[in-house]
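Worksheet: one structure, shown below.
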Amino acid sequence: MGSLPVRTLLILATAAVLSLAIATIVNAAVGWAVFSCVTLALLAHHLRRLGLLHRWLYRPGGSAVPECEGVWGDVFEALYRRDRDSAARERELALTLTRFRETVQAFPDGVIVLDAGNQIVWGNVAAERHFGISFSADAGQPITNMMRQPEFVAYLAAGEFAQRLKVRSPRGDALLSVTVIRYGESQKLLHSRDITQAERVEAVRRDFVANVSHELRTPLTVLVGFLETVRELKLEPSQRRDYLNMMEAQSRRMQRIVEDLLMLSTLESAPPAADDERIAVGRLLDRVRAETEALSAGRHRVTLEARGDFDLLGAETEIASAWSNLASNAVRYTPAGGEIRLIWDAASDGATFAVADTGIGIDHEHIPRLTERFYRVDRSRSRETGGTGLGLAIVKHVLTRHDATLEIESVPGAGSRFIAHFPARRLTPAHGISARVDGGAEIPEPPPTARETARAISS
Ligand code: ADP
């Protein structure tokens with residue numbers, strides 16, 4: 001590639017020599033005329049190439065490089081390469097930018113780029129959700145137009161971002177943890193994280209620790225008081241026995257609380273309940289009924305109704321504990337003379353185990369909170385009857401682990417009904433119900449064909 005227009009210079013030199021020769025042989029005018037013609041032809045040639053270059057540079061959609069020889073060929077070739085390289089770099093840059101944006105968009109945390117005046121430049125979808133903004137509509141607006149909370153405005157103005165700020169989202173539906181990261185000349189990155197769930201979990205944990213401490217502190221204080229009395233005072237043997245009995249009652253209460261807590265923690269950390277272990281429902285119903293009668297000690301009429309020849313699939317100890325909990329609650333919250341019904345109703349599309357009582361009932365407002373740990377409608381009544389406030393929390397955990405749900409219906413003063421709903425996939429055709437039923441259909445041993453049908457439906 002020649003860097004100088006050598007050919008043009010050669011032509012000019014040749015034309016000059018030729019014109020000089022013509023001027024000498026013919027005359028000067030003809031010599032000049034020949035030289036001028038050659039020079040003009042050269043000028044026209046270069047002007048045409050210049051025009052070509054101009055058109056090519058401003059080509060609308062890009063066209064092929066014009067075929068040229070000599071210095072113009074070199075110029076076109078060099079320009080073409082530069083053009084091609086910069087287009088490739090642009091494509092690469094665009095791809096990097098797209099990938100970067102996609103990565104930032106995929107972030108669960110919110111990110112907003114702010115300029116020196118705290119105006120919104122750009123951000124991701126999580127930030128749109130957190131701050132209730134739309135970048136297409138709100139870019140260029142000061143962020144404080146969207147986030148008007150005084151604590152946020154003050155945080156941004158103070159420019160001290162070592163600590164993160166907890167602030168409610170503009171719609172008030174989320175708690176955000178935000179911070180600002182400075183970068184570049186004077187740009188800022190506003191980083192936000194939704195901590196609603198984490199805060200809720202933290203609040204539950206705090207409440208739980210406070211509740212456990214409170215629940216254990218009361219019997220412990222009583223126990224320590226009794227111990228001091230027994231040690232310090234000279235007591236009659238009968239008085240001493242009374243104190244020891246009361247101490248035992250307090251110790252047992254603490255024991256029950258600790259056992260229930262351990263049960264809850266085991267349920268929480270254990271893998272999902274097995275779905276291939278058969279629970280013989282007939283036998284279990286008999287057991288729950290016997291326990292309920294024993295607990296009631298003849299103060300209530302306890303009946304059992306069973307319909308449907310299905311067994312359950314799951315962990316027997318867990319289901320037994322849940323059903324016994326519901327039945328013992330019915331005994332504890334039903335005055336003497338009342339009725340307690342245990343009802344098992346199974347069909348191919350699901351089953352329910354219900355405990356219905358004619359007890360004190362529960363006000364509507366308490367029902368959604370009954371399965372919270374240590375939630376009681378009447379603390380002293382629960383304590384008097386030996387409650388730990390953890391029974392329904394255990395029931396709910398057990399049911400959840402068996403894909404089941406708990407429904408509570410109650411009319412204050414008239415009674416309550418606690419219903420556990422089991423899905424069809426937790427049922428299997430029974431080997432024959434042995435429960436001593438008082439109501440519902442007695443379940444005969446199903447004929448083989450019916451059993452096959454039931455199995456087909458349940459699987
Ligand atoms: P507790 O050990 O206090 O009975 P649970 O978790 O078993 O704890 O029950 C929570 C609360 O629900 C009880 O304190 C009681 O107020 C209410 N409750 C539960 N079962 C019944 C029921 N069958 N009738 C009326 N209230 C009930």
Side-chain angles (χ1 to χ4, degrees), residues 204 207-208 210-212 214-219 249-268 288-289 291-293 295-297 299-304 318-343 352-401 404-421:
V204 168
D207 283 0
F208 179 67
N211 277 330
V212 171
H214 178 78
E215 294 290 332
L216 290 176
R217 197 181 53 193
T218 315
Q250 296 302 328
S251 307
R252 291 217 182 280
R253 187 168 145 209
M254 286 192 290
Q255 195 179 18
R256 274 198 306 276
I257 293 174
V258 172
E259 274 166 8
D260 278 359
L261 284 172
L262 283 175
M263 170 100 179
L264 264 178
S265 118
T266 311
L267 288 174
E268 273 171 355
V288 176
R289 176 194 176 128
E291 279 173 14
T292 313
E293 278 170 341
L295 202 63
S296 159
R299 286 174 296 132
H300 310 95
R301 196 170 100 81
V302 180
T303 61
L304 170 63
E318 291 182 22
I319 294 291
S321 148
W323 289 8
S324 300
N325 251 309
L326 294 177
S328 84
N329 277 355
V331 173
R332 289 166 45 230
Y333 298 105
T334 303
E339 187 182 350
I340 295 163
R341 292 164 65 204
L342 310 176
I343 310 155
T352 55
F353 171 75
V355 178
D357 63 50
T358 55
I360 59 172
I362 306 156
D363 264 335
H364 194 246
E365 77 214 52
H366 297 291
I367 290 183
R369 301 197 57 191
L370 289 185
T371 54
E372 287 175 22
R373 294 156 192 206
F374 298 116
Y375 188 87
R376 290 127 158 170
V377 177
D378 179 346
R379 205 163 265 275
S380 59
R381 177 163 190 143
S382 157
R383 230 171 254 151
E384 274 163 29
T385 56
T388 60
L390 295 168
L392 288 181
I394 292 175
V395 171
K396 190 185 166 193
H397 262 86
V398 168
L399 294 185
T400 306
R401 284 166 52 74
T405 52
L406 180 67
E407 186 190 351
I408 305 172
E409 298 168 354
S410 193
V411 179
S416 313
R417 184 186 283 255
F418 288 73
I419 311 152
H421 293 270

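In listed order, ligands and their atoms are each counted from 1.
Neither the backbone nor the side chain of Val355 has any atom closer than 4.0 Å to an atom of ligand 1 (non-hydrogen atoms only). Of the heavy atoms in Leu392, both backbone and side-chain atoms come closer than 4.0 Å to ligand 1. At a heavy-atom distance under 4.0 Å, only side-chain atoms of Arg332, from C-beta outward, approach ligand 1.
Atom 19 (C) of ligand 1 has as its closest protein heavy atom Asn329 ND2, 3.5 Å. Atom 26 (N) of ligand 1 has Ile362 CG1, 3.3 Å as its closest protein atom, hydrogens excluded (heavy atom only). From the protein, the heavy atom lying nearest to atom 23 (N) of ligand 1 is Asp357 OD2, 2.9 Å. What sits closest to atom 21 (C) of ligand 1 on the protein, heavy atoms only, is Tyr333 CD1, 3.5 Å. Nearest protein heavy-atom contact of atom 17 (C) of ligand 1 is Leu370 CD2, 4.0 Å.
The distance from ligand 1 to the heavy atoms of Arg376 drops below 4.0 Å at these ligand atoms: 3 (O), 14 (O). Residue Thr388 approaches ligand 1 through these ligand atoms, each under 4.0 Å from one of its heavy atoms: 2 (O). Close approach to Val377 involves these atoms of ligand 1, each under 4.0 Å from a residue heavy atom: 14 (O), 16 (O). Using a 4.0 Å cut-off to heavy atoms of Gly387, the atoms of ligand 1 that qualify are 2 (O). Close approach of ligand 1 to Ser382 is summarised as follows: ligand atoms under 4.0 Å from at least one heavy atom of the residue are 1 (P), 2 (O), 3 (O), 14 (O). Shown in contact with Tyr375 at under 4.0 Å from a heavy atom are these atoms of ligand 1, numbered in order with element: 10 (C), 11 (C).
Where the criterion is an N or O separation shorter than 3.5 Å, residue side chain and backbone included, Gly391 meets it with respect to ligand 1. Taking only nitrogen or oxygen atoms, main chain and side chain alike, Gly389 reaches within less than 3.5 Å of ligand 1. For the pair Phe418 and ligand 1, the shortest N or O to N or O distance does not fall below 3.5 Å.
The minimum heavy-atom distance linking Gly386 with Arg332 is given by the pair C-NH2, 4.4 Å. The two residues Gly338 and Thr358 come nearest to each other via the heavy atoms CA-OG1, 3.3 Å. Among all heavy-atom pairs drawn from Ser416 and Phe418, the shortest one is CB-CE1, 3.8 Å. The minimum heavy-atom distance between Ile367 and Ser410, with the atom names listed, is CD1-CB, 4.0 Å. Residue Pro412 comes nearest to Asp363 through the heavy atom pair CG-OD1, 3.2 Å, listed as atom of the first residue, atom of the second, then distance. Listed here is the closest heavy atom pair of Val331 and His300: O-CE1, 3.5 Å.
The closest approach between any non-hydrogen atom of Ser416 and ligand 1 is below 4.0 Å.
Ring pair Trp323/Phe353 is parallel by interplanar angle, where below 30° counts as parallel and above 60° as perpendicular.
A side-chain contact (heavy atoms from CB on, under 4.5 Å) with Leu326 is found for one member of Asp357, Val288, Val355 and no other, namely Val355.
Rounded to the nearest 0.5 angstrom, Glu409 CD and Arg417 CZ are separated by 6.0 Å.
In this structure, Glu215 pairs ionically with Arg376, as a charged nitrogen and a carboxylate oxygen lie closer than 4.0 Å. Between Glu372 and Arg369 there is a salt bridge, with a side-chain nitrogen of the basic residue lying less than 4.0 Å from a carboxylate oxygen of the acidic one.
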